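Notes for the one structure printed next.
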Amino acid sequence: MSTGTGQLLRTRQEKLAALRARGIDPYPRRCTRSHRSDEAVAAFLAAEAEGKLGTDGEGPPVEVTGRILSWRGHGRSAFAHLEDGGGRLQVYFRRDILGRESFATLPLLDLGDWIGVAGVLFRTRTGEVTVRVARWRILSKSLRPLPLAKVEVDPETGARTVHSGFADRQSRYRRRYADLAVHPEVRDVFRVRAGVVAGLRRALDDRGYLEVETPALQPLYGGAAARPFTTYHNALGTTLYLRIADELYLKRLIVGGFERVYEIGKDFRNEGIDRTHNPEFTMLEFYEAFADYRRMMELVELLVHEVTLEVTGGPDIDYQGARVSTAPPFARTTFYGALASALGEDAAGLDDDALRVRTAAATGEAPDEGDGRGRLLDRLFSALVEPALVQPTFVTDYPTELSPLAKTKPGEPGVVERFELFIAGREIANAFSELNDPIDQRARLEAQAGSGRAGDDEAHPVDEDFLRALEYGMPPTGGVGIGVDRLVMLLTDSASIRDVILFPVLRPEEGR
RNA sequence: GCGCCGCUAGCUCAAUUGGCAGAGCAACUGACUCUUAAUCAGUAGGUUCGGGGUUCGAUUCCCUGGCGGCGCACCA
């Protein structure tokens with residue numbers, strides 16, 4: 001630890017000791033408050049509107065609690081801003097009101113301390129509603145300086161200008177508590193996140209869906225193409241995996257007779273980390289018996305629209321400079337149709353070698369030797385089509401090679417009944433008419449397992465129990481997966497998934 | 001995994017061709033009873049990410065390692 005930090009910490013320790021020496025408990029057991037800061041201001045404004053202010057313009061007495069964010073001392077008086085769950089409130093200390101002893105204790109406070117103050121509200125000369133403090137008490141001493149920025153507020157527009165501050169992204173994720181303490185806008189992101197999850201849950205509950213919980217610890221993983229995290233259960237003496245998708249368990253529940261089920265939970269994928277990938281992430285999956293992918297498309301359209309309205313107050317989303325409208329209906333295109341428009345020719349008619357050439361041209365790199373047809377099509381689509389899908393767009397009818405759990409489309413060989421929803425160039429939802437033919441499903445899973453033996457380490461093992469469930473009989477079913485984190489990114493204009501996950505996965509901190 | 005950029009005081013950042021390592025904020029001391037990026041005067045705070053090299057001299061140039069950001073690749 002550098003000398004600088006040591007000094008800062010030591011100074012605060014000394015103030016802590018000085019408080020105790022004066023018989024003050026820096027961490028009292030209890031405290032009281034009458035108003036949150038926003039409620040206090042509202043109470044003052046109400047009294048003012050009703051002409052109930054005192055002769056000196058004083059409003060109602062309040063008792064508020066908060067963290068000290070700024071301090072402006074003026075000799076025998078001082079101004080500070082406190083922050084609590086309701087926002088910021090200015091407080092004003094005067095020696096002639098507090099008395100010598102109470103006032104003389106103020107220098108033992110630091111930015112970051114929690115205090116409680118009691119007094120009447122008034123307006124300062126500049127018009128700010130402020131507590132004229134008659135009594136104050138420390139509620140919790142801060143021993144480590146918060147990376148507080150200076151904030152300049154334009155009195156006319158209310159626009160905030162932040163001077164210096166806490167900018168290092170990794171430090172902010174690592175010390176999220178400090179990031180949150182210092183950045184109200186970060187707290188807002190997670191309020192929106194909670195609203196999105198609540199909105200999705202309500203929308204599904206209202207439509208007769210049953211919320212369920214399926215295992216995160218699984219003896220076999222499946223339902224997506226991803227490498228799993230592996231763990232070990234001591235008592236059973238067996239390997240377990242953290243789930244990579246909920247899909248196969250939720251379909252077992254449809255077999256069991258629940259007609260509409262959903263789960264909002266964590267999936268875990270042992271893969272790289274980047275702007276749109278965190279190793280653990282939140283997935284919403286929902287399945288509806290007697291529905292197909294077209295019905296699910298309408299449902300997804302409504303869900304996205306409803307949640308957007310709820311969270312933003314309107315149908316539009318501003319994401320990274322683009323304005324997106326979630327007003328239904330969303331655009332619809334087919335996988336091969338969109339690809340043909342972008343490519344200038346029909347990809348379905350190209351042989352693998354030609355596809356390989358087109359892919360190399362589109363991505364600027366030669367595809368891997370082992371890439372199969374499905375993989376090539378996927379890469380080509382990602383490079384040529386996805387970035388252009390800014391307005392909400394359903395892409396339907398994917399190649400069978402990419403979709404081992406989806407029903408084929410009648411009359412269109414090589415295509416399955418599947419859609420993905422893209423917004424702002426990102427995949428938000430993935431859905432299909434679920435394959436319920438146990439024999440076809442077995443054949444496709446075994447083909448996947450075969451490619452696993454051939455070296456594709458993301459293909460799955462065959463889940464015999466899942467196939468047994470299908471053999472009992474699963475009704476026609478539509479299923480959808482929505483990446484909740486990515487939806488929250490859109491709705492909060494966040495560039496990185498780490499900005500919408502409170503504690504994203506990071507390399508462990510070295511040393512202390 | 002590859003490429004580019006970066007790592008200097010608690011925070012945000014400077015430092016000329018390679019020539020005494022600086023500023024603002026935070027902290028500390030003092031002044032100041034309506035301030036709000038408060039102001040004014042002063043003080044302290046540094047393994048310039050680590051290691052090696054070139055040089056009279058390295059924050060600066062070279063090599064190497066670490067960490068991070070961004071982009072690419074990967075991610076049915």
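The sequence lines fix the lettering, A, B, ..., with proteins before strands; numbering per chain opens at 1. On a predicted model such as this, the values are computed, not experimentally measured, just so you know.
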Given pairs defined as Watson-Crick or G-U wobble with both distances under 3.5 Å, what dot-bracket annotation applies to RNA chain B, with ( ) intrastrand, [ ] crossing, | other strand and . unpaired?
(((((((..((((.....[..)))).(((((.......))))).....(((((..]....))))))))))))....
Protein-nucleotides 33-35 of chain B N/O pairs under 3.5 Å:
from   : atom 1 : to      : atom 2 : distance (Å)
U33(B) : OP1    : R76(A)  : NH1    : 2.9
U33(B) : OP2    : R76(A)  : N      : 3.4
U33(B) : OP2    : R76(A)  : NH1    : 3.0
U33(B) : O4'    : S77(A)  : OG     : 3.3
U33(B) : O2     : R94(A)  : NE     : 2.9
U33(B) : O2     : R94(A)  : NH1    : 3.0
U33(B) : O2     : R94(A)  : NH2    : 2.7
U33(B) : N3     : R94(A)  : NH2    : 3.3
U33(B) : N3     : D96(A)  : OD2    : 3.2
C34(B) : O2'    : R125(A) : NE     : 3.0
C34(B) : O2'    : R125(A) : NH1    : 2.9
C34(B) : O2'    : R125(A) : NH2    : 3.0
C34(B) : O2     : R125(A) : N      : 2.5
U35(B) : O4'    : H74(A)  : NE2    : 3.4
U35(B) : O2'    : H74(A)  : NE2    : 3.3
U35(B) : O2     : R72(A)  : NE     : 2.7
U35(B) : O2     : R72(A)  : NH2    : 3.1
U35(B) : O2     : Q90(A)  : OE1    : 3.3
U35(B) : N3     : Q90(A)  : OE1    : 2.8
U35(B) : N3     : Q90(A)  : NE2    : 3.0
U35(B) : O4     : Q90(A)  : NE2    : 2.7
U35(B) : O4     : T124(A) : OG1    : 2.9

Do we see a donor-acceptor contact under 3.5 Å between the side chains of S102(A) and W136(A)?
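A donor-acceptor contact under 3.5 Å links the two side chains.
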Tell me whether the side-chain N/O atoms of R275(A) come closer than 4.0 Å to OP1 or OP2 in G71(B).
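For G71(B), OP1/OP2 do have a side-chain N/O of R275(A) under 4.0 Å.
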If I pick the [atom1] atom on [M] and the same atom on [N], what distance separates them, to the nearest angstrom?
N: A9(B); M: C72(B); atom1: P; result: 31 Å
N: U47(B); M: U8(B); atom1: P; result: 12 Å
N: G51(B); M: G45(B); atom1: C1'; result: 27 Å
N: U48(B); M: G22(B); atom1: P; result: 13 Å
N: G30(B); M: G69(B); atom1: P; result: 43 Å
N: U17(B); M: C13(B); atom1: P; result: 23 Å

Return the value, rounded to whole Å, for the distance between atom [atom1] of [X] and atom [atom2] of [N].
X: Q170(A); N: C67(B); atom1: CD; atom2: C1'; result: 8 Å
X: Y173(A); N: C70(B); atom1: OH; atom2: C1'; result: 12 Å
X: Y221(A); N: A76(B); atom1: OH; atom2: P; result: 13 Å
X: R174(A); N: G68(B); atom1: CZ; atom2: C1'; result: 10 Å
X: R172(A); N: G68(B); atom1: CZ; atom2: P; result: 17 Å
X: D179(A); N: G10(B); atom1: CG; atom2: C1'; result: 16 Å
X: L506(A); N: G66(B); atom1: CG; atom2: C1'; result: 17 Å
X: L69(A); N: A38(B); atom1: CG; atom2: P; result: 12 Å

Within 45° cone and under 6.0 Å: R418(A) NZ/CZ vs Y398(A) ring:
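Flagged: R418(A) positioned over aromatic ring of Y398(A).
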Around atom CZ of R135(A), are there more than 12 heavy atoms of other residues, nucleotides or ligands at under 6.0 Å?
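No, because the 6.0 Å sphere around CZ of R135(A) holds 12 heavy atoms or fewer from other groups.
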Is it true that, when you exclude E185(A) itself, more than 12 heavy atoms of the residues, nucleotides or ligands shown sit nearer than 6.0 Å to its CD?
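Counting neighbours around CD of E185(A), more than 12 heavy atoms of other residues, nucleotides or ligands fall under 6.0 Å, so yes.
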What's R444(A) touching, base or sugar-phosphate or nothing? Going by heavy atoms closer than 4.0 Å.
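Since no nucleic acid heavy atom lies under 4.0 Å of R444(A), the category is nothing.
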Within the 4.0 Å heavy-atom criterion, would you say R418(A) contacts the bases, only the backbone, or no part of the nucleic acid?
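It contacts sugar-phosphate atoms only.
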All N/O contacts under 3.5 Å from nucleotides 26-31 of chain B to the protein, with atom names and distances to one decimal?
from   : atom 1 : to      : atom 2 : distance (Å)
A26(B) : OP1    : K150(A) : NZ     : 2.7
C28(B) : OP1    : K15(A)  : NZ     : 2.4

Keeping the roles fixed (side chain from S403(A), backbone from L405(A)), state whether a donor-acceptor pair exists under 3.5 Å.
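No: the side chain of S403(A) does not pair with the backbone of L405(A).
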When you match D378(A) and S496(A) each to their closest nucleotide on RNA chain B, which lands nearer the 5' end?
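Result of the comparison: S496(A).
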Cationic N near anionic O, under 4.0 Å, K251(A) to E434(A):
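Looking at E434(A) together with K251(A), the answer is yes, because their closest N to O distance falls below 4.0 Å.
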Ring centers of Y241(A), Y221(A) separated by less than 6.0 Å
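Here the rings of Y221(A) and Y241(A) have centres that are less than 6.0 Å from each other.
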